[in-house]
S.K.: 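One structure coming up, written as C-alpha cells, with questions to follow.
Given the structure is predicted, the values throughout are model-derived calculations rather than measurements.
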Amino acid sequence: MGPGSQAGEMIFLTSKEKAVIRRYAIVCQLWREGDQDFLGLEYDLAAGCSILAGRIAIDTRSRHIIGPDAGDRAFHAAIFYNDRGAVPEIAAKDLRRLRRYIIRRKGVLPVRNPVRVRGERRREGVAGFCQKLLVKLGVRCRARRHLRGLQ
C-alpha cells in the first residue's frame, strides 16, 4: 500500500501522470548504472496498482504523483526533491535538464555522454545512445537496422 492510498484501492491516473511515470522510468534506465528494470510497469499502470513495477509507490497527495522509488532512492531524491548531492556523478546542468524533461516535458531527453575514464570508456555517440534506448524499450530489429545506417 503506497502513501495516499487505501488497501485494495484502485488508483486512476491521468494520461499526464502516466507520462511522468514513463519518462521517469526511461530516464532512470538510461542514466543510472546497473540493472534498472521496470518490468510490468505498463501492466501495473493499466491495472491501477499503488506500487508500479515492484518499486515505485504512487502517492496521490504528492505534487508529482510518484512517491518513493525503492529501487533507486538517490535518483528519485535528485529528480523530485532537487537533491544534487544524491547523485554526484550527474552534472548539475544535466540534472536540471533531466528534471525539466521528466516533470514538465520541457526540452529534449538529455543524452548521457560519459567522458573517457582512464581509457576504459569512450564517448557515446548519438546512434549508440539511440540503439541502447531501442533495446531498453524492446523495439524490433528492423528499427535497429535503420539506426546502423546513421553510424
Side-chain angles (χ1 to χ4, degrees), residues 1-5 9-115 121 123-147 150-151:
M1 173 175 65
S5 63
E9 176 186 348
M10 188 170 177
I11 296 177
F12 296 98
L13 300 172
T14 65
S15 60
K16 288 184 181 183
E17 292 169 337
K18 289 179 181 179
V20 168
I21 294 167
R22 287 182 185 114
R23 287 193 300 267
Y24 173 78
I26 289 170
V27 169
C28 188
Q29 286 178 333
L30 294 174
W31 277 77
R32 300 296 283 168
E33 295 293 328
D35 187 24
Q36 300 291 332
D37 61 346
F38 289 88
L39 296 174
L41 178 68
E42 289 301 321
Y43 175 81
D44 291 345
L45 281 172
C49 297
S50 60
I51 303 290
L52 304 175
R55 61 183 280 179
I56 299 175
I58 297 298
D59 185 357
T60 55
R61 297 174 294 178
S62 173
R63 191 169 127 198
H64 303 296
I65 203 65
I66 296 179
D69 179 1
D72 196 345
R73 289 187 171 106
F75 188 72
H76 179 268
I79 297 298
F80 295 108
Y81 298 113
N82 201 19
D83 184 0
R84 292 185 185 151
V87 285
E89 66 273 10
I90 299 177
K93 181 179 177 181
D94 289 334
L95 189 56
R96 278 194 310 273
R97 288 178 179 171
L98 289 172
R99 291 188 82 238
R100 203 170 58 227
Y101 176 77
I102 291 171
I103 296 170
R104 294 190 302 270
R105 184 56 172 103
K106 300 284 183 184
V108 296
L109 175 63
V111 177
R112 183 174 178 208
N113 197 1
V115 179
R121 296 171 111 176
R123 293 186 175 260
E124 184 176 337
V126 174
F129 176 80
C130 292
Q131 191 169 14
K132 184 177 175 183
L133 176 63
L134 290 173
V135 169
K136 290 270 188 183
L137 296 176
V139 177
R140 300 279 185 242
C141 293
R142 188 172 25 153
R144 281 191 239 147
R145 275 189 239 123
H146 172 71
L147 278 177
L150 296 176
Q151 293 177 340

S.K.: For the pair Arg99 (side chain) and Ile79 (backbone), establish whether a donor and an acceptor sit closer than 3.5 Å, ignoring hydrogens and angles.
M.R.: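 Pair found, side chain donor or acceptor close to backbone of Ile79.
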S.K.: For the residue pair Tyr81 and His76, does the interplanar ring angle fall in the parallel (under 30°), tilted (30 to 60°) or perpendicular (over 60°) class?
M.R.: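 Because their plane-to-plane angle is over 60°, the rings of Tyr81 and His76 count as perpendicular.
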S.K.: Compare every heavy atom of Ser62 with every heavy atom of Ile66, then report the nearest pair and how far apart it is.
M.R.: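 Smallest heavy-atom distance, with atoms named: O-OG, 3.9 Å.
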S.K.: If you look at every heavy atom in Asp44 and Ala53, which pair is closest and at what distance?
M.R.: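 Shortest heavy-atom contact: OD2-N, 2.7 Å.
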S.K.: Should Ile21 and Leu45 count as side-chain neighbours, where that means a heavy-atom distance under 4.5 Å?
M.R.: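 Ile21 vs Leu45: side chains touch.
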S.K.: For a 4.5 angstrom cut-off between non-hydrogen side-chain atoms, does Phe80 reach Asp69?
M.R.: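 No, every pair of side-chain atoms sits at 4.5 Å or beyond.
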S.K.: Is Leu98 close to Ile90 at the side-chain level, that is, under 4.5 Å between some pair of heavy atoms?
M.R.: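 Answer yes - side chains close enough.
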S.K.: Give the ring-plane orientation class for Tyr24 versus Phe38, where under 30° counts as parallel, over 60° as perpendicular and anything between as tilted.
M.R.: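 Correct class here is perpendicular.
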S.K.: Do Arg84 and Arg96 have side chains that get closer than 4.5 Å, going by heavy atoms?
M.R.: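 Contact flag for Arg84/Arg96 side chains = yes.
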S.K.: Is Arg22 paired with Glu17 through a side-chain N to carboxylate O contact shorter than 4.0 Å?
M.R.: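 So Glu17 does not pair with Arg22 through a salt bridge.
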S.K.: Taking Asp59 for its side chain and Arg61 for its backbone only, find out whether a donor-acceptor pair lies under 3.5 Å.
M.R.: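 Yes.
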S.K.: Is the closest side-chain heavy-atom distance between Tyr101 and Arg105 below 4.5 Å?
M.R.: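 They are in side-chain contact.
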